Amino acid sequence: MDEYSCFVDWDKMDVTVQSQDAKDLTCTEFQELKQLARQGYWAKNHSLRAKVYHKLISNIPCRTVTPDANVYRDIVVKIVGKRNSNSLPLPEFVDDSLVPTYCLNAEGIGAVRKIILCIANQFPDISFCPALPSVIALLLHYSKDEAECFEQVCRILACNDPSKRLIDQTFLAFESSCMTFGDLVNKYCQAAHKLMVAVSEDVLEVYSDWQRWLFGELPMVYIARVFDVFLVEGYKVLYRVALAILKFFHKVRAGQPMESDSVQQDIRAFVRDIAKSVSPERLLEKAFAIRLFSRKEIQLLQMANEKALQQKGITVKQKSVASPKRQNVHLAVHAENFKSEIVSVKEMRDIWSWIPERFALCQPLLLFTTLEHGCSLSRFYSHSEGHEPTLLLIKTTAKEVCGAYLSTDWSERRRGGNKLSFFGTGECFVFRLQPEVERYEWVIIKHPELATSGSEPENHVSPASSTLSSRSLPSDPSDRLSPFLSARHFNLPSKTASMFMAGSSECIIIGGGDGQALYLDADLNHGRTSHCNTFNNQPLCSESFQISVLEVWGFRDTMNG
């Protein structure tokens with residue numbers, strides 16, 4: 001074989017990667033490297049992939065003092081000695097049950113544990129890193145010896161480029177990445193998300209498994225192709241591939257019965273046997289076909305989710321013995337504390353699965369109901385102001401149920417003076433629960449071709465026209481931000497915000513999602529809707545309706561209580 005074969009069991013390896021053709025990688029331009037990685041240029045030559053990995057990892061900017069191969073040779077005897085590494089307990093920051101063997105021989109399997117123990121010795125700041133065993137096991141296939149693999153992993157862990165995110169090393173980073181993945185699924189995999197909501201009691205818990213799909217269940221030939229691109233393009237590749245896995249899972253399993261307590265196991269089994277339905281090339285093709293998906297979006301979502309977790313004191317993994325219910329931070333709506341005249345607990349949990357993850361950590365708090373507070377619009381405002389975000393629920397006399405998630409405090413309406421001016425952020429959306437469940441996105445993001453030239457109107461009379469203003473988004477489609485992002489929260493220019501909410505003493509207007517809009521009169525007894533039949537033939541509710549009950553819900557933080 002070659003110098004990179006000492007840990008490989010070639011009977012398990014794909015025969016197509018055993019080619020010994022003399023190849024080299026001379027390009028250094030990012031765009032060319034990206035194309036070669038996505039095309040699998042070095043995937044069919046074991047030696048070439050090893051050299052490329054070494055080159056790419058050597059170029060990672062690291063801390064001034066980063067452990068290298070010589071450090072490993074100095075410490076491995078002290079830490080492991082002559083003991084059998086397979087008998088040594090691993091550090092708590094990895095999952096001992098998730099140490100993959102891939103195509104390693106017996107020596108390589110033992111080397112994985114030795115390297116993990118030495119890394120724990122050199123990186124005392126790592127507190128949670130479930131992906132580490134997989135990364136080590138993969139890189140051992142392309143290393144001359146243990147020391148070289150150790151050095152490469154250390155460089156990945158010691159990366160100090162603030163714009164380059166590689167491997168999560170704390171529970172806060174890991175948990176916020178799971179929340180971010182949930183946000184991305186909510187946006188980019190709506191069909192799969194709808195299935196997950198239907199079959200799982202806690203969809204957020206299902207999504208918290210996303211890194212395990214990649215660094216645990218995915219076969220060697222697949223994770224190697226993913227890692228090729230990851231080393232060139234960074235963390236967003238992992239999100240893309242995980243989203244693609246979920247899309248394929250939905251396509252394959254949508255028509256088959258699934259029990260709620262087996263959804264996680266079903267997905268893990270699908271990923272382990274993914275070769276039966278999807279090739280590595282097709283998986284990557286699907287991953288990079290997802291449109292309007294940017295590194296900026298991921299960074300801002302990650303930042304928002306980390307902040308939400310920090311504010312709730314969730315920064316370390318809870319010990320299950322001391323507090324079993326706190327081990328998973330994703331809390332569904334508590335049935336015993338919830339009562340609504342409009343929706344059931346199950347329906348509220350469905351709504352909770354749509355809202356941004358950072359607010360899904362909270363519990364619903366009833367702020368206003370027409371049954372108790374009457375139908376005064378001024379009273380509606382007084383009870384709703386000071387709360388952000390809020391949830392509006394409406395039940396009509398025809399038993400229709402619809403509503404809206406409103407990301408911005410209603411007090412913002414005063415900024416327009418006496419004019420009926422729109423405000424809000426692209427996180428807003430409208431939805432229908434009865435007669436059937438449907439959520440409607442921000443129309444420009446889902447259908448960017450609808451954007452037309454023109455200036456942003458100051459006095460809005462139509463929700464649909466306000467959302468079709470081209471100034472609500474950058475002109476270059478590749479720079480468009482997801483509607484998850486809030487202009488005020490991230491100090492973004494106002495053109496990235498959504499025109500979604502408007503209120504005065506005479507009316508409330510909410511809308512824009514897929515052309516769907518709600519108009520409520522001042523007495524909160526009557527309303528009407530408008531919708532764009534081009535994209536959705538099912539209106540939010542009757543074009544003109546009478547309100548039976550209206551409720552406004554806030555978000556109560558119970559995590560610290």
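Nothing fancy with the numbering, it's 1 onward along the sequence. In this text, all values refer to a predicted model and were calculated from it rather than measured experimentally. Every heavy atom of this structure was used, including side-chain atoms; hydrogens, water molecules and symmetry mates were not.
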- Message: Any salt bridge linking Arg295 with Glu233? Criterion: basic side-chain nitrogen under 4.0 Å from a carboxylate oxygen.
- Response: no
- Kindly assign one of parallel, tilted or perpendicular to the pair Tyr239 and Phe181, based on the angle between their ring planes and the thresholds 30° and 60°. parallel
- Message: Can you list everything that forms a ring pair (Phe, Tyr, Trp, His ring centres under 6.0 Å) with Tyr405? Sequence neighbours excluded, please.
- Response: Phe429
- Message: Going by side chain to side chain donor-acceptor pair (under 3.5 Å), name the residues that satisfy it together with Arg414, two or more places apart in sequence or in a different chain.
- Response: Glu385
- Ser504 meets the side chain to side chain donor-acceptor pair (under 3.5 Å) criterion, sequence neighbours left out, with none
- Query: Taking it one step at a time, do Leu172 and Phe128 satisfy side-chain contact (heavy atoms from CB on, under 4.5 Å)?
  - Reply: CA-CA 9 Å; Leu172 176 63; Phe128 196 76; over 6 Å; no
- Message: Taking ring pair (Phe, Tyr, Trp, His ring centres under 6.0 Å) as the definition, give me every residue that meets it alongside Phe270, ordered by chain and number, with sequence neighbours left out.
- Response: Phe249
- Note on the structure: For Asp350, the side chain to side chain contact (heavy atoms under 4.5 Å, CB included) test, sequence neighbours excluded, returns Val197, Lys346
- Task: Only counting residues at least two apart or in another chain, list the ones meeting side chain to side chain contact (heavy atoms under 4.5 Å, CB included) with Arg528.
- Result: Tyr519, Asp521
- ring pair (Phe, Tyr, Trp, His ring centres under 6.0 Å) partners for Phe555, two or more places apart: Trp352
- Note on the structure: Those residues at least two apart in sequence (or on a different chain) that pass salt bridge (Lys or Arg N to Asp or Glu O under 4.0 Å) with Glu341 are none
- State, to 0.1 Å, how close Gly182 and Glu357 come at their nearest heavy-atom pair, and which atoms those are. CA-OE2, 3.1 Å
- ring pair (Phe, Tyr, Trp, His ring centres under 6.0 Å) partners for Phe248, two or more places apart: none
- salt bridge (Lys or Arg N to Asp or Glu O under 4.0 Å) partners of Glu347, counting only residues at least two apart: none
- List for me each residue that meets side chain to side chain donor-acceptor pair (under 3.5 Å) alongside Ser340, sequence neighbours excluded, and say none if there are none. Glu551
- Between Leu238 and Leu214, which heavy-atom pair has the shortest distance, and what is it? O-CD1, 3.5 Å
- Given Arg38 and Leu284, is the side-chain contact (heavy atoms from CB on, under 4.5 Å) satisfied, shown in steps? CA-CA 7 Å; Arg38 291 188 182 189; Leu284 289 176; 5.9 Å; no
- How would you list all residue pairs meeting ring pair (Phe, Tyr, Trp, His ring centres under 6.0 Å) that involve residues 384-403, not counting sequence neighbours? none
- Message: Looking at Arg282, I'd like to know if its CZ atom is crowded, meaning that more than 12 non-hydrogen atoms belonging to other residues, nucleotides or ligands lie closer than 6.0 Å.
- Response: yes
